[in-house]
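Remarks on the structure that follows.
In what follows, chains are A, B, ... by sequence order, proteins preceding strands, each numbered from 1.
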Amino acid sequence: MAGAYDRCVIRIREPHPWPSTEPEAEAIQEQLRSLVRTDTAPAEVRTAAGLDVDYREESDELVAAVTVLDVASLSVVDTAVVTGKAEFPYVPGLFAFREAPPLLRALEKLSAAPDVLVCDGQGLAHPRRFGLACHLGILTDIPSIGVGKTAMGRYEPPGEERGAWSPLRMDDDIVGRALRTQRGVKPVFVSVGHRYTLEAACDLVLRLAPRYRLPETTRTADHLARRQT
DNA sequence: GCGACAG
DNA sequence: ATCTTGTCGC
């Protein structure tokens, strides 16, 4: 997937070959992690993109879908779908090397860059602090956050009410939050990807999830990928 | 050695 | 991710 870099919506760094082995992939994560910025969030977030990949049959056929939502109305204003084949196995910690290439190809098809990427997975809540959301944020230079359905770190259950949260920890770091988006449902796991703050990320997720556990960005992207043939 | 391990 | 029944709630 060497071409992934020159297909980005916005390219910011020197291209390098896509890895074919796990040690190579880990080295790339270690190298890129220093570029992540978590000190500021966008002043205004008008549009938010949801990204999801759906897998087909037993093969490595996949469908990558991106939906862009108007944050105020939560209506879908743009979509992109791409089909392809997985070029990297699923390895916990190396998720981005499997899903980023088709997602970048889908992002390229959007008519305009969204204000934030809401990724289906982790950002800094990652063994090397460089999950999918960080990776996509760095490659596109678009602010990004990660919203995972399961945790990679340790956490105490947050309060039962919507908006309650507790720190998500890995080793000795606070890497994200377990955030309750609806009363009586399992929390989601929010972490920063790039050019965002944890506080603003949780704020955005709550705005995107007024009714269901998962943000509308994730839900619409998931539905779009799933309804493709 | 054993369990854990985003999607 | 996916395999899967019934069940609860809107």
For nucleotides 2-4 of chain C, list the nitrogen or oxygen atoms of the protein found under 3.5 Å from its nitrogen or oxygen atoms, one pair per line.
{"from": "C/dT2", "atom 1": "OP1", "to": "A/Asp54", "atom 2": "OD1", "distance (Å)": "2.9"}

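- A/Gly93 comes within 4.0 angstrom of a nucleotide base, judged by non-hydrogen atoms across all strands.
- Remark: C1' of B/dC5 and CZ of A/Arg128 are 12 Å apart, rounded to the nearest angstrom.
- In this structure, A/Leu94 reaches the bases: a heavy-atom distance under 4.0 Å links it to at least one base atom across the strands shown.
- A donor-acceptor pair under 3.5 Å is formed between the side chain of A/Arg195 and the backbone N or O of A/Asp141.
- In this structure, A/Asp52 atom CG and B/dG7 atom P are separated by 10 Å, rounded to whole Å.
- Protein atom CZ of A/Arg213 is 18 Å distant from nucleotide atom C1' of C/dG9, rounded to whole Å.
- Rounded to a whole Å, the CG atom of A/Leu214 is 10 Å from the P atom of B/dG7.
- At whole-Å resolution of the value, CD in A/Gln29 and C1' in B/dA6 are 12 Å apart.
- Between the side chains of A/Glu99 and A/Tyr90, no donor N or O sits under 3.5 Å from an acceptor N or O.
- Evaluation of A/Tyr90 against the base of B/dG7 yields a stacking contact (centre distance < 5.5 Å, interplanar angle < 30°).
- Ion pairing between A/Asp173 and A/Arg129 holds under the 4.0 Å rule for side-chain N and carboxylate O.
- Note on ring orientation: taking the six-membered ring where Trp is involved, the planes of A/Phe88 and A/Phe97 are tilted (angle from 30° to 60°).
- In this model, a donor atom of one side chain and an acceptor atom of the other lie less than 3.5 Å apart for A/Ser111 and A/Asp78.
- There is a side-chain donor-acceptor pair under 3.5 Å between A/Gln29 and A/Arg128.
- Secondary structure note: stems in DNA chain B built from 3 or more consecutive Watson-Crick or G-U wobble pairs under 3.5 Å do not occur.
- When the nucleotides C/dC10, B/dG7, B/dA6 are ranked by their closest atom to the side chain of A/Arg211, C/dC10 comes out on top.
- Distance A/Met170 CE to B/dA4 P: 16 Å, rounded to the nearest Å.
- Backbone-only contact: A/Gly148 has heavy atoms under 4.0 Å from sugar-phosphate atoms and none from a base.
- Look at A/Thr150 and you'll find a side-chain N or O under 4.0 angstrom from OP1 or OP2 of B/dG7.
- Computed from coordinates, the A/Lys85 NZ to C/dA1 C1' distance equals 16 Å when rounded to whole Å.
- In this structure, A/Leu132 places its CG atom 10 Å from P of B/dG7, rounding to the nearest Å.
- The minimum heavy-atom distance linking A/Asp120 with A/Leu51 is given by the pair CB-O, 3.4 Å.
- A cation-pi arrangement is absent between A/Arg177 and A/Phe189 under the rule of less than 6.0 angstrom and at most 45 degrees off the ring axis.
- Comment: A/Glu216 engages A/Arg219 in a salt bridge, judged by a side-chain N to carboxylate O separation of less than 4.0 angstrom.
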